[in-house]
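Everything below concerns the one structure shown next.
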Amino acid sequence: MSQHSALSTQHSRVETLRWRGGRLELIDQRLLPGRVEYLACSSAAEVARAIREMAIRGAPAIGCAAACGVALEAARLQRAPPSEFAAGLDQAFAALAASRPTAVNLFWALERMRAALQAVEPAEPAAMAARLLDEAHRILAEDVAANRAMGANGAALLEDGMRVLTHCNAGALATAGHGTALGVIRSAVAAGKQLSVVVDETRPFLQGARLTAWELAQDGIPVTLITDGMSGHLMGRGEIDAVVVGADRVAANGDVANKIGTYMIAVLARRHGIPFYVAAPLSTIDPRLASGDAIPIEEREASEVRGYGGVEWAPAGVAVRNPVFDVTPADLVTALITEKGVVPAPDRGKIAALLR
Ligand code: MRU
């Protein structure tokens, strides 16, 4: 891995994934904002666990981590006999694919890695491992480039002085660098626009309060934290000028799966005549799913809703639902911001054209 050891994802002040000494290191996002600590992974199983347990999260970041997980496993097995190498990699692909269901970037990245492998087969395991490592680095570099392009495209939609609402974390922490929704905000600020960001705390996992508020503060971008139920009130008072969120999966008709609570914000934004923008790279678009109804929605443990960080405030044993994503119908989306351009009022035809 020496040729790539200097490659990192540092494009804001936040370095989400990096290679160190042949291992993949991830900021352990469960510890933020209290501690910035890296979790080192040496195998696909360790990366799958880091994804499942939310040490790393955010659609593009999950895809990047999964690609690195395959590369790590290949490096680990490169001196094994070819049959053992092939079986080990099959297991690695399966474990990573089972880590989380909603963000399509995970499956997109695994398909890229599978195609890279098939392109060199049959070959010595060491040669295949080298090819997979290259592909993983390419995926990370392309993600950063896509975010920068998306940032440039989306920045034009934000005007000087705007107060922008965002939900969850779609920043550097959720990508290989720069971010999707926060990338648009970062690029607009870099272009000289003064923006302030209102961030929902994002119950139950608190990605807004713990991650977005921290990430924006690192960059010196003004941020105000609210609870999830406050955004309608602020919109009604004329205190929000635009909404920008990321996405975990965009269906062929433009429906958008994103963090639970996004749908409510989109409805409120429409009610108040506020533009609702979704920033997502092409790797987040799933043309195989006709509409948002077909997007698998992850449900996580009840304990996440009963409390946080080991403290439970709900009555023991109370019934809980915990779907962690929702689907915003395409007709509520003012524009989809991608690295290829901005798509106003996305629909099936425009999404198909974008992917051509
Ligand atoms: O459960 P998470 O934290 O992985 O959910 C993340 C989101 O919903 C983000 O908004 C989405 O992945 C876009 S990230 C660029």
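Everything quoted here is computed from the prediction, not taken from an experiment. Along the sequence shown, the residues carry numbers beginning at 1. Just follow the structure's listing: the first ligand is 1, and inside any ligand the first atom is 1.
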- So, is the end of the Arg210 side chain (NZ or CZ) under 6.0 Å from the ring centre of Phe205 and within 45° of the ring's axis?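 Checked: cation-pi criterion met.
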- Message: Is the positively charged end of Arg20 above the ring of Tyr38, judged by distance under 6.0 angstrom from the centroid and angle within 45° of the axis?
- Response: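 Geometry flag: not set, cation outside 6.0 Å or 45°.
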Would you mind listing which atoms of ligand 1 come within a distance below 4.0 Å of any non-hydrogen atom of [X]?
{"X": "Asn169", "value": "9 (C), 14 (S)"}
{"X": "Arg100", "value": "1 (O), 2 (P), 4 (O)"}
{"X": "Phe325", "value": "1 (O), 5 (O), 8 (O)"}
{"X": "Ala247", "value": "11 (C), 12 (O), 13 (C)"}
{"X": "Ala170", "value": "14 (S), 15 (C)"}
{"X": "Ala59", "value": "12 (O), 14 (S)"}

- Atom CD of Gln91: over 12 foreign heavy atoms under 6.0 Å: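 Count not over threshold, so no.
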- Is atom CD of Glu124 surrounded by more than 12 heavy atoms (other residues, nucleotides or ligands) closer than 6.0 Å?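 12 or below, so no.
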- Has Phe205 got any heavy atom lying under 4.0 angstrom from an atom of ligand 1?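 No, that is not the case, since the closest heavy atom of the residue is not under 4.0 Å from the ligand.
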- Met54 near ligand 1, heavy-atom distance under 4.0 Å?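 Yes.
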- Single hit among Asp248, Asp286, Ile295 for side-chain contact (heavy atoms from CB on, under 4.5 Å) with Val104: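 For Val104, the side-chain contact (heavy atoms from CB on, under 4.5 Å) test succeeds with only one of Asp248, Asp286, Ile295, which is Asp286.
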Please list the nearest protein heavy atom to [atom] with its residue and the distance rounded to 0.1 Å.
{"atom": "atom 11 (C) of ligand 1", "value": "Asp248 OD1, 3.3 Å"}
{"atom": "atom 14 (S) of ligand 1", "value": "Ala174 CB, 3.5 Å"}
{"atom": "atom 5 (O) of ligand 1", "value": "Lys259 CE, 3.3 Å"}
{"atom": "atom 15 (C) of ligand 1", "value": "Thr180 OG1, 2.9 Å"}
{"atom": "atom 10 (O) of ligand 1", "value": "Asn258 OD1, 2.7 Å"}

- Task: Would you mind finding which of Arg57, Gln29, Arg300 brings a heavy atom closest to atom 3 (O) of ligand 1?
- Result: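 Heavy atom nearest to atom 3 (O) of ligand 1 belongs to Arg57.
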Quick check: does any side chain N or O of [X] sit under 3.5 Å from a backbone N or O of [Y], one acting as donor and the other as acceptor?
{"X": "Arg163", "Y": "Gly238", "answer": "yes"}
{"X": "Arg348", "Y": "Ala290", "answer": "yes"}
{"X": "Asn105", "Y": "Ile62", "answer": "no"}

- Message: Test of understanding: given a 4.0 Å heavy-atom threshold, classify the contact between Gln207 and ligand 1 as side chain, backbone, both, or neither.
- Response: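 Only the side chain of Gln207 comes within reach of ligand 1.
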- Side chain or backbone of Pro60 under 4.0 Å from ligand 1, or both, or neither, by non-hydrogen atoms?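 The answer is the side chain.
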- Lys193/Asp160 salt bridge by N-O under 4.0 Å criterion: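 A salt bridge is absent here (no side-chain N lies under 4.0 Å from a carboxylate O).
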- Query: At what distance, to the nearest 0.5 angstrom, does CG of Leu157 lie from CE of Met162?
  - Reply: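 Reported value, rounded in 0.5 Å steps: 8.5 Å.
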